[in-house]
Amino acid sequence: MPVVTELFKWEGTKAKLNTHFATENRQFGSKMTDSKYFTTTKKGEIFELKAELNSDKKEKKKEAVKKVIASMTVGKDVSALFPDVVNCMQTDNLELKKLVYLYLMNYAKSQPDMAIMAVNTFVKDCEDPNPLIRALAVRTMGCIRVDKITEYLCEPLRKCLKDEDPYVRKTAAVCVAKLHDINAQLVEDQGFLDTLKDLISDSNPMVVANAVAALSEIAESHPNSNLLDLNPQSINKLLTALNECTEWGQIFILDCLANYTPRDDRESQSICERVTPRLSHANSAVVLSAVKVLMKFMEMLPKDLDYYGTLLKKLAPPLVTLLSAEPELQYVALRNINLIVQKRPEILKHEMKVFFVKYNDPIYVKLEKLDIMIRLASQANIAQVLAELKEYATEVDVDFVRKAVRAIGRCAIKVEQSAERCVSTLLDLIQTKVNYVVQEAIVVIKDIFRKYPNKYESVIATLCENLDSLDEPEARAAMIWIVGEYAERIDNADELLESFLEGFHDESTQVQLQLLTAIVKLFLKKPTETQELVQQVLSLATQDSDNPDLRDRGYIYWRLLSTDPVAAKEVVLAEKPLISEETDLIEPTLLEELICHIGTLASVYHKPPSAFVEGSRGVMHRRLPARTGSGESTESPDVGTAAGGSAPEAAPSIIPSQGDLLGDLLNLDIAPSTTTGPPPPTTGMQMGGMDLLGGGLDSLMGDESEPLGGDIGGSPAMGAGFGVAPAVMPASLNAPVGGGLGDLFDLGGGVGMPMGAYIPPKTVWLPAMKAKGLEISGTFARRAGVIQMELILTNKAMSVMTDFAIQFNRNSFGLAPAGPLQVLTPLGPNQTIEVSLPLSTVGPVMKMEPLNNLQVAVKNNIDVFYFSCQYPISMLFVEDGKMERQVFLATWKDIPNDNESQFQIKDCHLNSDAASNKLQGSNIFTIAKRTVEGQDMLYMSIKLSNGIWVLAELRVQAGNPNYTISLKCRAPEVSQCVFQCYEAVLKN
Amino acid sequence: MIHSLFLINPSGDIFLEKHWKSVVSRSVCDYFLEAKEKALEPEDVPPVIHTPHHYLISIYRDKLFFLSIIQTEVPPLFVIEFLHRIAEMIQDYFGECSETVVKDNMVMVYELLEEMLDNGFPLATESNILKEMIRPPTILRSVVNTLTGTSNVGDTLPTGQLSTIPWRRAGVKYTNNEAYFDVVEEIDAILDQSGTTVFAEIQGVVEACVKLSGMPDLTLSFMNPRLLDDVSFHPCVRYKRWESERVLSFIPPDGNFTLMTYHVNAQNLVAIPVYVKQSISFFESGSGGRLDVTVGPKQTMGKTVEGVMVTVHMPKTILSVNLTATQGSYIYDNGTKLLVWDIGKLNPQKLPNLRGSLSLQAGAPKPEENPSLNIDLKIQQLAISGLKVNRLDMFGEKYKPFKGVKYITKAGKFQVRT
């Protein structure tokens with residue numbers, strides 16, 4: 001808060017307040033100050049002090065100790081005076097006592113034997129009638145980090161923990177934490193932890209707050225100790241103390257509350273109600289800790305609850321207010337808001353303007369604000385955002401300007417309607433000819449081309465004008481990509497690329513790779529004129545380069561071009577997958593964990609605490625609680641909690657830098673190959689693709705199998721490219737590549753699989769007889785991440801049917817129609833209409849029997865009809881269900897064996913790879929494969945739309961048509977349904 | 001929790017260190033000093049720095065760096081708030097927060113720091129409690145102390161320390177009982193070239209100076225409390241009463257404190273008290289440019305705008321300026337590239353104007369960036385949001401206090417783009 005200096009200039013009352021401290025202090029300061037303590041001559045300083053410390057006069061002693069302390073504060077070593085200072089300890093003068101204590105705390109560690117001298121005084125002081133002295137003694141003793149002293153501390157501490165005076169008790173509570181830091185075993189043996197736990201129920205709120213703080217600190221080094229055993233009773237005590245303790249105590253209590261998982265939505269709501277007033281606290285740390293509790297517990301509230309909406313509205317103003325605080329506070333607040341807008345964009349969607357950058361914001365605030373502006377950008381506010389971004393692009397700070405230009409590109413990709421305006425803004429900026437602006441603009445325009453192909457290519461001419469001014473690798477690479485991609489529209493594409501080729505070896509790898517691909521593209525488009533050029537670049541890349549990535553890519557192109565140019569065209573010029581809107585979003589499991597850590601260092605760094613908290617201090621992985629109805633048991637699906645150690649950093653650019661290569665290879669559309677049996681029948685084109693690479697690689701492997709294997713494993717570009725369809729590796733490769741392949745498996749994030757999800761055939765759900773002539777048959781499907789109910793409505797009655805509507809009863813996974821039933825035209829007699837209804841999974845939840853049962857009501861102008869159907873649970877399997885290997889292992893061990901169920905799938909004639917591929921189409925991801933005695937074991941993970949993880953082990957024996965499958969899940973009731981899905985997917 | 005504190009001046013000298021747990025070598029500050037070297041301005045040093053074994057959380061305030069060392073996962077906002085509290089405490093005790101003042105009162109600052117934290121946990125941060133434990137220096141007291149040998153360290157437990165109203169000490173006595181409230185509003189705004197408001201909001205604060213005997217229970221009500229979008233209160237305010245009746249009911253701390261801060265958002269159409277007509281242009285040839293700035297009153301609610309000051313952040317290549325001001329005076333600092341025009345009171349009849357030529361360094365190209373203007377102003381006796389205090393009632397004590405309310409509006413971050 002700005003200091004209001006005018007405060008004392010009261011109209012008409014100035015005289016009364018004239019005796020304000022400030023003026024007095026200044027006078028005082030000029031006359032008697034501590035500076036005098038520094039004026040002693042350097043020579044013999046210690047000697048002089050020694051004499052003064054041993055003086056008989058109290059005053060002189062005190063002055064001497066002050067001098068010692070003053071020297072200590074500025075970092076001088078005065079440890080030599082230890083015995084003399086300790087001698088002053090036994091005194092009635094409290095100030096002198098405190099000063100000596102200050103000295104002791106600093107130097108006791110370096111003089112452990114001397115420190116023992118002080119023990120007696122401490123023990124005596126702990127019995128003093130004055131609570132201030134008792135507290136001071138126990139507090140100071142805890143700060144003396146000498147093992148021998150701690151033994152003497154136990155008895156006084158035990159007394160102080162039960163002292164009649166709350167001030168002593170609260171000091172003693174902190175002392176337990178200090179002692180634990182020095183000697184944890186001692187604290188446990190002496191039973192101090194239990195006493196500390198008892199203090200949570202103390203009558204004084206300050207004692208409660210300190211006990212919580214001490215326990216939290218101790219718990220941090222004992223992740224599994226269950227120290228803070230939270231139950232509804234203790235929560236209630238904490239909430240009561242929350243209202244009465246100091247602001248700092250409130251922070252500790254709120255942080256502690258955030259670790260609790262309420263039993264049901266009602267308890268969750270009642271905690272939220274009692275925490276909400278903290279949002280109006282003047283201390284921003286209290287506010288943010290309250291936000292954390294609310295964000296976490298909100299997850300459990302049904303979205304249709306009125307209170308849920310109220311809470312959402314209440315969260316916005318305090319967050320906005322944090323942005324008017326000091327810049328350092330703003331920074332921390334902004335890092336957290338960045339998480340909050342990713343999790344719940346609705347909270348701040350109308351508050352765009354508060355993120356507008358002010359001229360005198362520090363740079364770290366500016367950059368964070370910009371990031372949030374893009375996250376909040378939508379069709380409604382894009383004009384405003386663009387106007388701001390354009391303004392920022394003319395600012396002074398280079399880093400900020402660059403980010404602003406990049407932001408314009410991100411807006412174009414995020415908000416389709418604005419793309420045109422963004423492109424014209426970028427062209428305006430290119431016209432400024434400011435070097436770094438131009439380069440950033442070109443990098444983002446490349447991404448815009450990727451997102452909206454064949455729309456803005458008219459600007460290529462303008463871009464080419466700036467070719468010479470590009471000196472940064474990223475901009476050069478982007479420009480080269482553009483030239484290669486649109487070679488057929490650029491008359492002098494060959495000249496342009498040739499000009500880059502001259503300094504090929506001086507370019508960075510990024511540019512070299514891009515140039516190689518671009519020239520190959522050019523060759524495939526204009527083969528007649530560019531043969532020489534392509535040969536030149538291939539030889540540069542393969543023979544003259546020592547970069548394995550470049551060489552490998554060169555060889556692959558070479559092989560492709562020489563064996564089958566048609567195939568090469570299909571590969572290199574294949575259609576690229578569209579880039580997604582926001583690839584820099586934090587991965588959802590990490591985001592959930594970070595939301596549970598709002599207000600902590602983890603939230604500032606956007607990394608899970610395990611990734612950076614010092615040492616082996618284990619950190620509990622936290623996850624948002626799942627929503628559970630009041631009646632249900634708390635089946636917390638925290639299988640996915642242990643979200644690996646290595647958190648993916650949010651990538652700054654819109655597409656990965658190897659995007660091009662990735663794009664090219666991704667589109668191969670390769671069918672799974674097999675390890676044992678003959679390849680399954682595939683389409684011609686797919687076969688072609690496979691042969692091509694398979695053959696090519698085979699012969700490559702023959703030549704230099706070792707280096708290639710190593711390269712593939714080690715180079716991210718290639719790894720990522722291949723990892724997508726690992727099965728493509730011919731069997732013969734498996735042995736030499738070994739470790740490399742293992743890595744490949746990890747790298748392949750579930751990107752566009754060729755196999756589609758399994759869709760059961762349509763069945764009749766509602767026969768015409770039962771529904772006055774309306775017959776409904778249908779099925780469920782998951783397409784591009786959206787669950788759809790596909791219905792066929794047939795009118796078998798004699799009259800026209802209109803006004804169709806559909807509703808679901810509450811069901812196990814909260815399925816609900818995401819929109820109205822789109823039957824716009826009346827359905828005439830004997831007419832049939834096919835409708836697909838998108839479904840959401842955020843509806844009300846009720847456990848059904850069987851689990852996948854769905855009760856539906858359909859209404860038309862005639863009547864309302866009810867029927868029930870069962871959906872394959874596979875349509876709830878989400879796309880990001882691929883678990884990390886380590887996480888999988890840990891989780892598998894973590895789930896009790898009671899939750900494991902085994903099934904047999906009979907008469908299935910697929911081999912393990914084909915099965916794995918087929919299953920992946922339905923979002924059942926194979927994480928690892930192991931072969932033991934001719935039996936393939938596939939380890940798979942599935943994530944349901946409500947966050948439940950299912951882990952599976954599929955055993956396939958060559959030649960045996962019967963599979964064995966073991967499923968492990970925290971919610972074992974889903975296993976049966978999941979098994980049915982396996983069967984359905986594998987057999988169809 | 002907070003492990004250690006270092007106070008560092010802008011040239012990078014560490015002049016105070018305090019450790020609440022084991023001693024951390026001051027070499028840890030090198031990471032911070034490195035970051036400080038990298039930053040263009042001291043304000044730009046990142047507040048959270050990661051080093052191999054510690055986290056460094058710092059604030060820059062009153063031209064000093066307050067740097068704290070953290071070893072475990074601690075809420076950074078808690079640390080930053082606490083560091084600001086230390087700065088406020090120094091200001092409160094010694095009248096100002098500066099390197100000299102800290103050095104002059106080294107031992108007392110050290111004692112205070114020890115009282116404020118225990119093992120990194122906040123212990124006593126309320127000014128009222130601290131002053132009972134360690135009395136602020138006054139001439140009288142220092143004379144008495146030298147004569148009688150007593151000290152300025154209190155030897156009884158502060159009364160507020162454990163009560164449910166820790167902010168107030170018991171047994172307060174005044175001969176003149178008085179309670180004053182200042183409603184101070186700051187306008188944060190961004191105006192674009194044409195003078196249109198891009199963004200505007202009001203940050204308000206109610207500062208109080210309450211010197212009342214005993215345990216007074218006050219109720220402050222506003223004429224129009226619904227104006228406020230978001231409020232944060234001093235812990236003394238009873239939140240439930242605000243929720244239900246929109247009145248501030250509280251037992252005040254003794255002395256000066258911030259009763260509440262509030263926020264009025266752009267949605268409520270923030271009045272902009274002045275307009276700025278400006279044109280700053282540079283010649284294509286790059287030899288120089290022209291500047292013409294006029295300031296005039298806009299929505300002032302009939303009050304006079306005072307203390308008007310225009311600060312222009314000039315591009316780096318501007319060497320000198322040659323301007324004439326029809327009112328007030330201007331200074332151009334070539335080091336910071338800041339042009340400051342101090343206008344003073346705004347006279348609606350005769351609008352102040354500053355115009356003239358700018359000259360660039362020889363051979364420098366036309367500057368790319370647009371300079372930005374920052375405006376300072378003050379309006380007495382007006383809260384620009386229209387907020388008005390209705391009445392103040394006192395319960396619990398018999399005497400009749402002297403009451404007063406004052407309003408003032410100022411420019412906060414008020415920026416005009418060109």
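In this text, all values refer to a predicted model and were calculated from it rather than measured experimentally. Quick note on labels: first sequence line is chain A, next is B, and so on, each numbered from 1. When reading the values below, keep in mind they use all heavy atoms of this one structure, side chains included, and skip hydrogens, waters and symmetry mates.
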Determine, for B:D118 against A:R139, whether the closest basic-nitrogen to carboxylate-oxygen distance falls under 4.0 angstrom. yes

Between A:P327 and chain B, with a heavy-atom cut-off of 4.5 Å, which part of the residue counts as in contact: side chain, backbone, both or neither? neither

Sidechain-backbone polar pair: A:W248 side chain, A:N210 backbone, donor-acceptor under 3.5 Å: no

Does any heavy atom of chain A fall under 4.5 Å from the side chain of B:Y262, the backbone, both, or neither of them? neither

Select one option (side chain, backbone, both, neither) describing which atoms of A:I363 are under 4.5 Å from chain B's heavy atoms. both

B:N374 side-chain N/O to B:T311 backbone N/O, donor-acceptor pair under 3.5 Å: no

Got a second to check how far B:H234's NE2 is from B:E207's CD, nearest 0.5 Å? 10.5 Å

Could you pull out the closest heavy-atom pair between B:P46 and A:Y364, with the gap in Å? CA-CD2, 3.9 Å

Strictly below 4.0 Å, N to O, side chains only: are B:E178 and B:K211 in salt-bridge contact? no

Okay, B:Q415 and chain A: the region with an atom under 4.5 Å from a heavy atom over there is side chain

Can the ring centroids of B:F6 and B:F66 be said to lie less than 6.0 angstrom from one another? no

Heavy-atom contact with chain A under 4.5 Å, split by part of B:I190: side chain

Between A:N243 and A:R278, is any side-chain donor less than 3.5 angstrom from a side-chain acceptor? yes

The interface call for B:E41 against chain A, heavy-atom contacts under 4.5 Å, is neither

When the 4.5 angstrom heavy-atom criterion is applied to A:I251 and chain B, the contacting part is side chain

A:E217 bridged to A:K178 by N-O distance under 4.0 Å: no

Interface check, chain B: of A:S289, A:P362, A:C175, A:S284, most non-hydrogen pairs under 4.5 Å belong to A:S284

Quick check on B:E81 against chain A: is it the side chain, the backbone, both or neither that has a heavy atom closer than 4.5 Å? both

With respect to chain B, which residue among A:R335, A:E247, A:M72 yields the maximal number of heavy-atom pairs within a distance under 4.5 Å? A:E247

Mind checking what makes ring-ring contact (aromatic ring centres under 6.0 Å, His included) contact with B:H84, not counting sequence neighbours? none

What part of A:V357 gets closer than 4.5 Å to chain B, counting heavy atoms only: side chain, backbone, both or neither? backbone

NZ of B:K240: more than 12 outside heavy atoms within 6.0 angstrom? no

Is B:V74 in contact with chain A via its backbone, its side chain, both, or neither, using a 4.5 Å heavy-atom distance? backbone

Measure A:F252 against the heavy atoms of chain B and call it side chain, backbone, both or neither at under 4.5 Å. side chain

Return the option, out of A:D361, A:I69, A:V174, A:V396, with the maximum number of heavy-atom pairs under 4.5 Å with chain B. A:V174

What residue, out of A:T171, A:V354, A:V287, has the most heavy-atom pairs lying under 4.5 Å from chain B? A:V354

Tell me, for B:V45 versus chain A, whether the close heavy atoms (under 4.5 Å) come from the side chain, the backbone, both or neither. backbone

I'd like to know if the side chain of B:D188 reaches the main chain of B:K413, judged simply by a donor and an acceptor atom lying under 3.5 Å from each other, with no hydrogens or angles considered. yes

So for A:Y359, is it side chain, backbone, both, or neither that comes closer than 4.5 Å to the heavy atoms of chain B? both

Check each atom of B:Q193 against the heavy atoms of chain A and say whether the ones under 4.5 Å are side chain, backbone, both or neither. side chain

A:L99 portion near chain B, given a 4.5 angstrom heavy-atom threshold: side chain

Measure B:M260 against the heavy atoms of chain A and call it side chain, backbone, both or neither at under 4.5 Å. neither

When only pairs under 4.5 Å are counted, which of A:K366, A:E391, A:K97, A:E395 shares the most heavy-atom pairs with chain B? A:E391

Most chain B-contacting option - heavy-atom pairs closer than 4.5 Å, from A:V604, A:N283, A:T394, A:V434: A:N283

What part of B:Y239 lies closer than 4.5 angstrom to a heavy atom of chain A: side chain, backbone, both or neither? side chain

Kindly say whether B:F121 contributes a backbone atom to a donor-acceptor pair with the side chain of B:N119 at under 3.5 angstrom? no

Part of B:T418 within contact of chain A (heavy atom distance under 4.5 Å): backbone

